[in-house]
Each structure stands twice: as C-alpha cells, then as structure tokens.
Amino acid sequence: MSDCLFCKIIDSKIPSTKVYEDGNVIGFKDLHPQALVHVLFVHKRHTRDINEISKNDPVQLTDLFHAIRLFTEKSGAEEHGFRVVTNMGKNAGQTVFHTHLHVLAGESLGHFGA
Ligand code: AMP
Ligand code: ZN
C-alpha cells in the first residue's frame, strides 16, 4: 500500500535498522524502544491488523512466527525469554495499520500489564 509507513520501510523508501529478513518477513528496530531489544516483525504482504491477517491469509502468521523463532534463536533472546505483543484497533492503541508483532527482549520485562 503506497501510503503505509511499514510498506515504505519494506520497500526501503524510509530508512530502518533491519535485524532480520527472509523472503516473506522483515524485522526492524522500533524507533521508540520499550525494552533493550524491541523489534517489529512485519509480513511483506500488507494487511491491516491481526484479525485481517488471520481472515485473509493465515499462513502469514506462520511466516511471522517462523521469523521470530529464527531471530530469537540467533540473537540469544530465546535462552533468556522474550515477549510478543500485537495491538489491534483503538482500545489497544494501534498506531500503524500494517500488522506487526512487537518482540521485546534483552532484559527482565516485569509482569505483563504492570
Ligand atoms: P503500534 O502502536 O502497536 O501500532 O506500534 C507501532 C510502533 O511503530 C510503535 O512502537 C512506534 O514506535 C513504531 N514506529 C513508528 N514509526 C517507526 C519507524 N519509522 N521506524 C521504526 N518504528 C516505528
Ligand atoms: Zn503496509
């Protein structure tokens, strides 16, 4: 989608710090990190949110979690643990409407929601 921020990052029209890429997915550092490691995983095919991706092409979810597994194995995050978060819609505070999974790692994350 031409006016989508993350599609522009995928197309390298906007700079990002990529830490993972395969044929389907990229992972790049969040501009405003909420943990020592904060990476956003996005599918190269645009969908709006987690429910649209599930409805339109659920295989993309497998692609995303495959990428997260490879990244966390390689970076060492798997050993110490990590958190995966996605925001869907207004009440969750979604600000970018290209489905993305936040991966938080690199330190103790505390209790969820604390
Ligand atoms: P959400 O609020 O769940 O929609 O997440 C959007 C995330 O995108 C936020 O954590 C922002 O910090 C992050 N973000 C916004 N613009 C950029 C950008 N140009 N590069 C990297 N991360 C960004
Ligand atoms: Zn997009």
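As the structure is a prediction and not an experimental result, all values here were calculated from the model. Read the numbers this way: they start at 1 and go in the same order the structure lists the ligands and their atoms.
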(message) Here's a test for you: under side-chain contact (heavy atoms from CB on, under 4.5 Å), which of Leu104, Val39, Leu40 qualifies with Asp30?
(response) Leu40

(request) Considering heavy atoms of the protein only, find what lies nearest to atom 22 (N) of ligand 1 and give residue, atom and distance to 0.1 Å. (result) Leu31 N, 3.1 Å

(request) Indicate yes or no for a side-chain donor-acceptor contact from His98 to the backbone of His43 under 3.5 Å, with no hydrogens or angles considered. (result) yes

(request) Mark yes when over 12 heavy atoms from residues, nucleotides or ligands other than Lys18 sit less than 6.0 Å from its NZ; otherwise mark no. (result) yes

(message) Using a 4.0 Å cut-off to any heavy atom of Phe6, which atoms of ligand 1 qualify?
(response) 8 (O)

(request) Using a strict 4.0 Å cut-off to heavy atoms of Lys29, name the atoms of ligand 1 that fall inside it. (result) 21 (C)

(request) Give a yes/no verdict on whether any heavy atom in Ser16 is under 4.0 Å from an atom of ligand 1. (result) no

(request) Identify, by name, the N, O or S atom of His98 lying closest to the Zn ion (ligand 2). (result) ND1

(request) Identify whether the distance between the nearest side-chain nitrogen and carboxylate oxygen of Glu52 and Lys55 falls below 4.0 Å. (result) no

(message) Need the atom name: nearest N/O/S atom of His46 to the Zn ion (ligand 2).
(response) ND1

(request) Specify side chain, backbone, both or neither for Leu40, according to which of its non-hydrogen atoms lie closer than 4.0 Å to ligand 1. (result) side chain

(request) Could you see which bit of Phe97 sits under 4.0 Å from ligand 1, with heavy atoms only: side chain, backbone, both or neither? (result) neither

(request) Please identify which atoms of ligand 1 are closer than 4.0 Å to at least one heavy atom of Gln94. (result) 4 (O)

(request) Quick one: look up the protein heavy atom nearest atom 1 (P) of ligand 1 and list residue, atom name and how far away it is. (result) His100 NE2, 3.2 Å

(message) So, regarding Val96 and ligand 1 (criterion: nitrogen or oxygen to nitrogen or oxygen, under 3.5 Å), is there a contact or not?
(response) yes

(message) Strictly distance-based, threshold 3.5 Å: is any side-chain N or O of Gln34 a donor or acceptor partner for the main-chain N or O of His32?
(response) yes

(message) As an exercise, state the distance from CD1 of Ile10 to CD1 of Ile26, rounded to the nearest 0.5 Å.
(response) 5.0 Å

(request) Below 4.0 angstrom from a heavy atom of His32, which ligand 1 atoms are there? Numbered from 1 as shown, please. (result) 12 (O)

(request) Tell me which protein heavy atom sits closest to atom 9 (C) of ligand 1, plus the residue, atom name and distance to 0.1 Å. (result) Asp30 OD2, 3.4 Å

(message) Surrounding CD of Glu79 (heavy atoms of other residues, nucleotides or ligands, distance under 6.0 Å), is the total greater than 12?
(response) no

(request) Look at the aromatic rings of Phe41 and Tyr20 and report parallel, tilted or perpendicular, splitting at 30° and 60°. (result) tilted

(message) Could you check whether any side-chain heavy atom of His102 comes within less than 4.5 Å of a side-chain heavy atom of Thr86, counting everything from C-beta outward?
(response) no

(request) Would you mind listing which atoms of ligand 1 come within a distance below 4.0 Å of any non-hydrogen atom of Phe28? (result) 21 (C)

(message) With heavy-atom distances below 4.0 Å as the criterion, list the atoms of ligand 1 near Gly93.
(response) 2 (O)

(request) Quick one: look up the protein heavy atom nearest atom 16 (N) of ligand 1 and list residue, atom name and how far away it is. (result) Leu5 CD2, 3.4 Å

(request) Would you kindly say whether Asp57 and Gln60 are connected by a side-chain donor-acceptor distance under 3.5 Å? (result) yes

(message) Can you confirm, on distance only, whether ligand 1 has an N/O atom lying under 3.5 Å from any N/O atom belonging to Thr95?
(response) yes

(request) Examine His102 against ligand 1 and note whether any of their N/O atoms are separated by less than 3.5 Å. (result) yes

(message) Keeping Gln94 on the side-chain end and Arg48 on the backbone end, is there a donor-acceptor pair under 3.5 Å?
(response) yes

